[in-house]
Participant: 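Just dropping this structure here.
To find a chain, count down the sequence lines: A is the first, B the second, and so on, and within it residues start at 1. Note that this is a predicted model, so its numbers are computed, not measured.
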There are 2 protein chains.
Amino acid sequence: MERMMEKEITIYDLAKILALSPATVSRALNDHPAINVKTKALIAEKAAELGYRSNTFASHLRTRKTNTLGVIVPRLNSNFMSTVLAGMEEVANNFGYNLLISQSLESELKERANAKTMFDSRVDGLLVSVAYDTDSIDHFVTFINRNIPVLFFDRIMDHPRCGAVIIDNEQAGYDATRHLLDQGCRRIIHVTGDLRRNVYADRMNGFKRALAGQNLPQDNRFIISTDLSQEAGRQIAAQIDQMAEKPDGLFIANDLCAAICMQVLKEKGYAIPDDIAIVGFNNDPVSQVVSPQLTTVFYPGYQMGKTAMTTMIGQLNGTKLIDHSEPIILRSELIIRRSSIRFENL
Amino acid sequence: MERMMEKEITIYDLAKILALSPATVSRALNDHPAINVKTKALIAEKAAELGYRSNTFASHLRTRKTNTLGVIVPRLNSNFMSTVLAGMEEVANNFGYNLLISQSLESELKERANAKTMFDSRVDGLLVSVAYDTDSIDHFVTFINRNIPVLFFDRIMDHPRCGAVIIDNEQAGYDATRHLLDQGCRRIIHVTGDLRRNVYADRMNGFKRALAGQNLPQDNRFIISTDLSQEAGRQIAAQIDQMAEKPDGLFIANDLCAAICMQVLKEKGYAIPDDIAIVGFNNDPVSQVVSPQLTTVFYPGYQMGKTAMTTMIGQLNGTKLIDHSEPIILRSELIIRRSSIRFENL
DNA sequence: TATTGTATTGTAACCGATTGCATTAACTTG
DNA sequence: CAAGTTAATGCAATCGGTTACAATACAATA
């Protein structure tokens, strides 16, 4: 019933069958205005009937466009990232673009390797959220020099010819800290990631601004830079337990890390939020299953993916003039839950 | 300093510069044995010097191979899936394959669309974990008919010409249930997913076998099929709270769902594990941050990704003869934590 | 020395779609 | 009716590697 090996139909086959030239067939399939409407219909019909598929390689070879976009993310396994990717996919799909996705696993080395692969695959554009330890931007400049647009999202790098889509991390950091202050916290520790990354640097700046607003002292020992892993969460808790003067508030730039830290603190006998109030970041599902539920910052992942992809494709089509001097900033929002509510004055 | 638009070097350029034929250059770059070692070195050096990159489209057009593999997963945002993908990526990278990744978002419709995209992109092979509601296998048969290998992992479909990589879900389900029984549970509810999916059907069968082993009655009302979402977790908890005769054990085929369910039960005043012992599935990070920590089944995601990819590439290279009559089965393991320990007899 | 073998390189025809530049037919217009 | 338009289609080169089939040179063998 099913043929074992169906032969691939080309425009030459169609041309021969319909007694036309390959050129006409090609133009018809691309809806070229010079081709007669009836001819187009005829060709389209036959193509459908025989299951014709355009050979993208021949096409790409000739046109020098691949209709493929590269996406490099630190990790796929975060709720945030996969939500971003879902948003990107939706838009890319609508515009007929494919996605080549890879993860750097937070290593600049792997990020470079991924970028090279993308480059060799001749992606039409690149969307990147950089790794923890990325210092150099060389591997992206390669693209820019060849006029392949590069767009950063979330974790961005500064380059005059690259766009960026972010949230206002400074404001989010400020809001989170301000909330803790409003709950009466006066000794707040901020646990953050690598400060070379804008997301962490900005949140920290927001943190500092909030403290400054209350004329509170800025103690650098209260800013702890970690890799925000689960293990880091454990260590922070242990470290706090050892401190002579304990903090009364914690602002941790990652939900999972915060959740683990909270758990260990609870085991050690600290009352959350009464002894220590905690705020996380990202609105990861874990924030809802820990007890008490974790106050956090909602991050519009899906929207970010859609926006980034729309911007990229707009730039590729030339339909949208991109102003790279300013990043696109999306709204985030503080979600207040039990882990930080000390006064029931909602 | 940086040129605006570097011209792309081709083998013809290299050939002209070195006074050789393009054929020789091509062979040299592919390490063809007929080419003199010195010539190869010469060409390789010049190629590196000028920054030559092979044009994959020309190559693919000629060889009819794309060196790209498609991966379709239900969702990217689970710890399990992204771990699998990391494993796949590692192997694929080593063998010079690219990955085209997309998510079906648990919908057969989107899965079909994704498959079509992959097909049109002419992937050399396809790795799939099917969506919740996938009934038909047509969209994969398309590949098989064109001799493009299809390999299922985790959520598999049955087809004589497709390989499969799974864990022994039946055994895992048995072990989980047996553990609950050993803890003294006698009225165990099993919350599972769509029973068309092997992973859920098999776990359920393991569940039933364990009950049968203790001569316990098989009550179908104690098997609840849901979408295993967070919302489902809430509903299950509500449902249990309404039951006249409460269960004393819960085996839920997903950690996040189990975590939420446990949380709501706790809120309603049930003691975990004393009133109700709970076992989840997947060893998701959430299983460690809930309290009590959740007993679960460790799923070797990374290994699964590596194994699946290795199998696929082996088949493509013809280096490995694949026996599709039997799936490849990886080891899983029950991880016992507080949510189910009633007797301190470890 | 003539012959055969071996190592190395070259020639040229692909792969399939695209597109600048004709070409042809049909239609206007003066 | 001749000249000029317009519409529709065809020709052939091109994109850059790959590879079957020579061709060449030189050494080994008879």
Side-chain angles (χ1 to χ4, degrees), chain A residues 5-44 46-48 50-68 96 98 119-124 146, chain B residues 5-44 46-47 50-68 96 98 119-122 124 146:
Chain A
M5 214 22 184
E6 304 172 35
K7 201 226 158 220
E8 204 67 53
I9 304 284
T10 71
I11 54 170
Y12 295 91
D13 299 326
L14 289 175
K16 186 167 288 176
I17 293 172
L18 296 168
L20 288 167
S21 77
T24 303
V25 175
S26 171
R27 292 197 180 97
L29 292 172
N30 288 311
D31 206 20
H32 191 289
I35 304 297
N36 190 301
V37 188
K38 288 180 186 173
T39 314
K40 278 183 192 168
L42 203 70
I43 293 174
K46 206 66 180 176
L50 300 182
Y52 166 82
R53 298 190 291 165
S54 166
N55 184 319
T56 52
F57 301 108
S59 171
H60 294 164
L61 174 58
R62 189 57 226 251
T63 61
R64 299 158 163 290
K65 302 199 82 239
T66 65
N67 261 44
T68 300
N98 286 337
F119 190 61
D120 289 343
S121 305
R122 288 180 163 63
V123 293
D124 289 340
R146 281 231 170 66
Chain B
M5 215 23 185
E6 305 171 33
K7 199 227 159 217
E8 205 67 53
I9 303 284
T10 72
I11 55 169
Y12 294 92
D13 299 327
L14 288 175
K16 186 166 289 179
I17 293 172
L18 296 167
L20 287 167
S21 76
T24 303
V25 175
S26 172
R27 292 197 181 97
L29 293 171
N30 289 310
D31 205 21
H32 192 287
I35 304 296
N36 190 301
V37 189
K38 288 179 187 173
T39 314
K40 278 184 193 168
L42 203 71
I43 293 175
K46 205 67 181 176
L50 300 182
Y52 166 82
R53 298 189 293 164
S54 167
N55 185 319
T56 53
F57 301 110
S59 170
H60 293 165
L61 174 58
R62 187 57 226 249
T63 61
R64 299 158 162 291
K65 302 199 84 238
T66 65
N67 261 45
T68 300
N98 287 337
F119 190 62
D120 289 343
S121 306
R122 288 183 163 62
D124 289 340
R146 280 231 169 70

Participant: Could you tell me which residues satisfy salt bridge (charged side-chain N to carboxylate O under 4.0 Å, His left out) with A:Arg27, sequence neighbours excluded, listed by chain and number?
Facilitator: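 Salt bridge (charged side-chain N to carboxylate O under 4.0 Å, His left out) check on A:Arg27 returns nothing, list empty.
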
Participant: Taking distance alone, no hydrogens or angles, what donor-acceptor pairs closer than 3.5 Å link side-chain atoms of residues 16-23 of chain A to residues at least two apart or in another chain?
Facilitator:
from: A:Ser21; atom 1: OG; to: A:Ala23; atom 2: N; distance (Å): 3.4
from: A:Ser21; atom 1: OG; to: A:Thr24; atom 2: N; distance (Å): 3.2
from: A:Ser21; atom 1: OG; to: A:Thr24; atom 2: OG1; distance (Å): 3.1

Participant: Going by number, which of residues 31-39 of chain A have a non-hydrogen atom under 4.0 Å from DNA chain C?
Facilitator: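 Those residues whose heavy atoms fall under 4.0 Å from DNA chain C, taken from residues 31-39 of chain A, amount to none.
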
Participant: Can you name the residues that form a salt bridge (charged side-chain N to carboxylate O under 4.0 Å, His left out) with A:Arg62, not counting sequence neighbours?
Facilitator: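 By the salt bridge (charged side-chain N to carboxylate O under 4.0 Å, His left out) rule, A:Arg62 matches no residue at all.
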
Participant: Using the test ring pair (Phe, Tyr, Trp, His ring centres under 6.0 Å), find all partners of A:Tyr52 that sit at least two apart in sequence or belong to another chain.
Facilitator: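 If we apply the ring pair (Phe, Tyr, Trp, His ring centres under 6.0 Å) test to A:Tyr52, skipping adjacent residues, there are no hits.
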
Participant: Mind checking side chain to side chain donor-acceptor pair (under 3.5 Å) for A:Ser121 and listing every partner two or more places apart, or none if nothing turns up?
Facilitator: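 A:Ser121 satisfies side chain to side chain donor-acceptor pair (under 3.5 Å) with B:Asn98 once adjacent residues are dropped.
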
Participant: May I have all residue pairs that pass salt bridge (Lys or Arg N to Asp or Glu O under 4.0 Å) and include part of residues 28-41 of chain A, sequence neighbours excluded?
Facilitator: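 Pairs touching residues 28-41 of chain A that pass the test: A:Asp31-A:Lys40.
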
Participant: What residues form a side chain to side chain donor-acceptor pair (under 3.5 Å) with A:Thr66, not counting sequence neighbours?
Facilitator: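 By the side chain to side chain donor-acceptor pair (under 3.5 Å) rule, A:Thr66 matches A:Asp124.
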
Participant: Heavy atoms under 4.0 Å is the rule here; annotate nucleotides 14-20 of chain D 5' to 3' with B where the base is hit, S where only the sugar-phosphate is, and - elsewhere.
Facilitator: BBBBBBB

Participant: Heavy atoms, side chains only, cut-off 4.5 Å: are A:Ile9 and A:Leu14 in contact?
Facilitator: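 Yes, close enough: below the 4.5 Å cut-off.
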
Participant: End-to-end bend of the helix from C:dT1-D:dA30 to C:dG30-D:dC1 (five-pair axes, 10° rounding)?
Facilitator: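 One end axis against the other gives 50°.
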
Participant: Can a donor-acceptor pair be found, under 3.5 Å and without considering hydrogens, that links the side chain of B:Asn55 to the backbone of B:Thr10?
Facilitator: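 No.
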
Participant: B:Arg64: which residues meet the salt bridge (charged side-chain N to carboxylate O under 4.0 Å, His left out) condition with it, sequence neighbours left out?
Facilitator: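 If we apply the salt bridge (charged side-chain N to carboxylate O under 4.0 Å, His left out) test to B:Arg64, skipping adjacent residues, there are no hits.
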
Participant: Would a distance-only check, ignoring hydrogens and angles, find a side-chain to backbone donor-acceptor pair under 3.5 Å from A:Arg53 to B:Phe119?
Facilitator: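 Checking the backbone N and O of B:Phe119 against the side chain of A:Arg53, a donor-acceptor pair under 3.5 Å is found.
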
Participant: Give me the atom names and distance for the closest heavy-atom approach of A:Ile35 to A:Ala28.
Facilitator: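 Nearest heavy atoms, A:Ile35 then A:Ala28: CG1-N, 4.0 Å.
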
Participant: At the 4.0 Å heavy-atom cut-off to chain A, mark where contacts on DNA chain C begin and end, going 5' to 3'.
Facilitator: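 The contact span of chain A on DNA chain C goes from C:dG16 to C:dC21.
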
